[in-house]
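Data block below; observations after.
Residue numbers run from 1 in the order of the sequence given. Both backbone and side-chain heavy atoms feed into the values below; hydrogens, waters and symmetry mates do not.
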Amino acid sequence: MSLITKKLSSLNDLVLTKFEPQIKQLQKRWEQFLPRERYLLIAMIAALIVSLIYFIISGLISYKNNLDMIVGNLNKTVLYTEQAKYKIKQISKVDANKFNQVTVEQIKSDITQVAQVESPVVLIQDEQLSINIPNGQFSLVMTLLDQLHRSYGIFPDQVNITKQSQSGYVSMNAIFWVTK
């Protein structure tokens with residue numbers, strides 16, 4: 001404890017000897033001021049200190065709010081990632097029925113039954129299944145995509161869904177990779 005006191009006193013002596021002329025000059029100026037000027041100077045210094053503290057605290061508060069927002073966004077991202085991970089695990093557990101082979105006639109039949117479309121265009125070429133539905137209800141088209149996944153275990157690699165002029169109707173072009 002005495003070592004710290006000795007070091008502080010030696011530091012204090014060093015500062016006083018080094019800045020002694022400036023300190024004396026400030027004391028002379030202070031004594032030259034009128035009492036009113038002294039009060040104004042003290043008030044300005046106090047206002048400066050208060051405003052400095054205000055800006056530091058407001059900056060820290062805004063920084064904390066930004067960090068809270070960033071942490072909230074990160075937590076949402078983590079939650080969405082966990083949900084996606086869970087869904088991918090569920091989807092990966094679903095196996096295609098080995099007895100259902102993808103054929104043009106079967107796919108056309110499924111489209112006619114599920115999507116209630118009379119003239120679908122279905123082609124299989126180079127292990128790619130191409131489906132074109134010119135005009136179908138959106139909900140039935142989505143049900144068809146789900147049905148194709150459940151029945152044949154296929155997902156579309158490319159899907160183009162375009163809204164039609166009639167409310168609730170779309171046209172869909174989809175390409176699937178299939179193995180024979």
Note to self: N135 vs V117, test: side-chain contact (heavy atoms from CB on, under 4.5 Å). Steps then yes/no.
What the structure shows: CA-CA 7 Å; N135 194 20; V117 174; over 6 Å; no
Next item on the list: Apply side-chain contact (heavy atoms from CB on, under 4.5 Å) to R38 and W30, showing your working.
Entry: CA-CA 7 Å; R38 290 180 189 169; W30 181 258; 3.8 Å; yes
Check: Does the side-chain contact (heavy atoms from CB on, under 4.5 Å) test come out yes or no for K85 and E82, once each step is laid out?
Finding: CA-CA 5 Å; K85 177 182 163 186; E82 289 295 323; 4.2 Å; yes
Notebook entry, point to check: Run the side-chain contact (heavy atoms from CB on, under 4.5 Å) check on M172 and N132 step by step: do they pass?
Noted result: CA-CA 6 Å; M172 180 196 75; N132 181 8; over 6 Å; no
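Around atom CD of E118, no more than 12 heavy atoms belonging to other residues, nucleotides or ligands sit under 6.0 Å away. Annotation: F155, atom CZ; neighbour count of heavy atoms from other residues, nucleotides and ligands within 6.0 Å is above 12.
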Do any side-chain atoms of residues 41-59 form donor-acceptor pairs under 3.5 angstrom with protein atoms, and if so which ones, sequence neighbours left out?
{"unit_1": "S51", "atom_1": "OG", "unit_2": "A47", "atom_2": "O", "d": "3.1"}
{"unit_1": "S51", "atom_1": "OG", "unit_2": "L48", "atom_2": "O", "d": "2.9"}
{"unit_1": "S58", "atom_1": "OG", "unit_2": "Y54", "atom_2": "O", "d": "3.1"}
{"unit_1": "S58", "atom_1": "OG", "unit_2": "F55", "atom_2": "O", "d": "3.2"}

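Listed by first and then second residue, the side-chain hydrogen bond (donor to acceptor under 3.5 Å, both in side chains) pairs that reach into residues 62-79 are K64-D68, sequence neighbours excluded.
Judged as a side-chain contact (heavy atoms from CB on, under 4.5 Å), and not counting sequence neighbours, the contacts of D157 are W177. For V104, the side-chain contact (heavy atoms from CB on, under 4.5 Å) partners two or more places apart in sequence, or in a different chain, are K108, V122, I124. Taking S171 as the reference, T162, Q164 meet the side-chain contact (heavy atoms from CB on, under 4.5 Å) condition, with sequence neighbours excluded.
Summarising the hydrophobic clusters (Ile, Leu, Val, Met, Phe, Trp, Tyr; side-chain heavy atoms under 4.5 Å, direct or chained), the residues clustered with Y169 are none.
Of all non-hydrogen atoms in L144 and I111, the two that sit nearest each other are CD2-CG1, 3.7 Å. Residues L145 and P156 come closest through the heavy atom pair CD2-CG, 4.3 Å. In terms of heavy atoms, T17 sits closest to L14 at OG1-O, 2.9 Å.
The shortest distance between side-chain heavy atoms of Q128 and Q125 does not fall below 4.5 Å. Counting only heavy atoms from C-beta outward, the side chains of L129 and I107 approach each other to under 4.5 Å.
Atom-to-atom distance recorded for K24:NZ and E20:CD is 4.0 Å, nearest 0.5 angstrom. Taking CZ from F138 and CD1 from I161, the interatomic distance works out to 5.5 Å, rounded to the nearest 0.5 Å.
Under the 4.5 Å side-chain heavy-atom criterion for Ile, Leu, Val, Met, Phe, Trp and Tyr, V170 and V114 are members of the same hydrophobic cluster.
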